[in-house]
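Everything on this sheet refers to the single structure shown next.
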Number of protein chains: 2
Amino acid sequence: MTPRADTDTATRILDVAERLVQVRGFNAFSYADVAAELQITKAALHYHFASKADLGSALVARYTGDFIDALEGIDRTDGSAMQKLEHYAELYCSVLERRRMCLCGMLAAEYQTLPTGMRDSVLAFFDRTEDWLAEVIEQGCDDGSIRAAGSARDTARLVMSCLEGALLVARPYGDVDRFDAAASNLLRTLTPAPPTSIRRPAHSAKTRSAASVV
Amino acid sequence: MTPRADTDTATRILDVAERLVQVRGFNAFSYADVAAELQITKAALHYHFASKADLGSALVARYTGDFIDALEGIDRTDGSAMQKLEHYAELYCSVLERRRMCLCGMLAAEYQTLPTGMRDSVLAFFDRTEDWLAEVIEQGCDDGSIRAAGSARDTARLVMSCLEGALLVARPYGDVDRFDAAASNLLRTLTPAPPTSIRRPAHSAKTRSAASVV
DNA sequence: GTCTATAGGCAGATAGAC
DNA sequence: GTCTATCTGCCTATAGAC
């Protein structure tokens, strides 16, 4: 029935559109780009997502859900708070390795031109990420694996901003080491004792798999 | 002779285009937008800047020059290295107060879609900023006003990435305090003794003037 | 669900008058 | 230097057949 049995059309549309937005931005991709890549027509796209705003909102919703799932996966590892932060940084690193920007980081840059329905969703992504970070940092201050100079909330904002910015700047250079250095340098400032590097030695297959969802 | 005696047309074009790129992005502004605001025609714009790529390159060149000028102005204040970092953070804060993104931070997000002639210029902006920061941090490690966990170069990259990211995230919230908290929290991690807040008390008129050039 | 065909608009850019 | 007029192309979106 479906052209390809493994994945339905709506999902394949989201996959392609997500990559295009993360690489080019919401304002720099078109229905024609997605249609050409999937070898369907623009009209078929409009059947699944009536407007570009609808497609954009679906992208943010799915991305946020996948990201939260990844964060909950990190929680289940039962590592120290600092180890959780290292896993969190790996999520961003895996985005850069695929030559992408964080979807919501990209949309934050384009915020003023976004359809209004997308704006609150982008902020919600940051809010939920920040909530998770604040909880981890709070936990780390208690168990002694993290030493925060400010409040847990402010430190969470610092960490998130720093990784978003490291992604933003490192990507044009195509330099993963540049991101790694910033991330590990940041986490070192939050560590009573210096943490191990966040990328070497190589990660397990499970960790990689979890990281690639975003 | 000129429509307005105080500023020539090319400069007014750059002023408007710069703001539009910082607010909306390079891909989300048009010659029509600039022309309408200046009440001239698109054809007149093409006389001054033959192509959008030319206009974009001119924007980056001017912005970089102004930014370097501001950094050199900071050098002339003869404050401590930490005070120089605080002034540096104020430059970014003043961008946010005008509801803008750093021009080159915005272009970094759009990097993959930029005319090739603009790309190297964007990286050059980051390189030169990073060089300045590395020198200041080196100086601070010597005079004892800065305690860096990693190398001066890596710390410079951390600081720049962090402020770019704080700008990226805080702007959609329209929340200057969110940026301030991240910036002062960052600088606190680099301080042997806690620094004063980077925004309060109010700055001198001279400092504000220097900050608004970017 | 996917197609063809097309509407209506805006993009960047150019020619040539003044 | 600035204008009018226009070109070509791409954009989002819709109508209606299959």
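Numbers restart at 1 for each chain; the letters A, B, ... are given by sequence-line order, proteins then strands.
- Counting all heavy atoms, side chain and backbone alike, B/Thr129 lies closest to B/Leu71 at CA-CD1, 4.4 Å.
- Straight-line distance from the NE2 atom of B/His48 to the P atom of C/dA13: 16 Å, rounded to whole Å.
- Contact check for A/Val159 versus A/Tyr88: side-chain heavy atoms found under the 4.5 Å cut-off.
- Contact annotation: B/Thr9 reaches the phosphate of D/dT2 (side-chain N/O to OP1 or OP2, under 4.0 Å).
- Residues B/His87 and B/Thr77 approach most closely at CD2-OG1, 4.5 Å, considering heavy atoms.
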For nucleotides 12-16 of chain D, list the nitrogen or oxygen atoms of the protein found under 3.5 Å from its nitrogen or oxygen atoms, one pair per line.
from, atom 1, to, atom 2, distance (Å)
D/dT12, OP1, A/Lys52, NZ, 3.1
D/dT12, OP2, A/Tyr31, N, 3.1
D/dA13, OP2, A/Lys52, N, 2.7
D/dA13, N7, A/His46, NE2, 3.3

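- Among all heavy-atom pairs drawn from B/Phe67 and B/Tyr92, the shortest one is CZ-CE1, 3.9 Å.
- Regarding A/Leu45, its CG atom lies at a distance of 13 Å from the P atom of C/dT4, rounded to whole Å.
- Between A/Arg188 atom CZ and A/Leu186 atom CG the span is 10.0 Å, to the nearest 0.5 Å.
- Contacts between residues 106-117 of chain A and DNA chain C, defined by a heavy-atom separation under 4.0 Å, are absent.
- For the residue pair B/Asp33/B/Ser30, the side-chain donor-acceptor check at 3.5 Å is satisfied.
- Between the CD1 atom of A/Ile13 and the C1' atom of C/dT2 there is a distance of 11 Å, rounded to whole Å.
- With sequence neighbours excluded, the residues forming a side-chain contact (heavy atoms from CB on, under 4.5 Å) with A/Ser151 are A/Arg153, A/Asp154, listed by chain and number.
- One atom, CG of B/Leu38, and another, P of D/dG1, lie 15 Å apart when rounded to the nearest Å.
- A/Ser51 and A/Asp54 are linked by a side-chain donor-acceptor pair at a separation below 3.5 angstrom, with hydrogens and angles left out of the test.
- A close approach under 4.0 Å does occur between a side-chain nitrogen or oxygen of A/Tyr47 and OP1 or OP2 of C/dG1.
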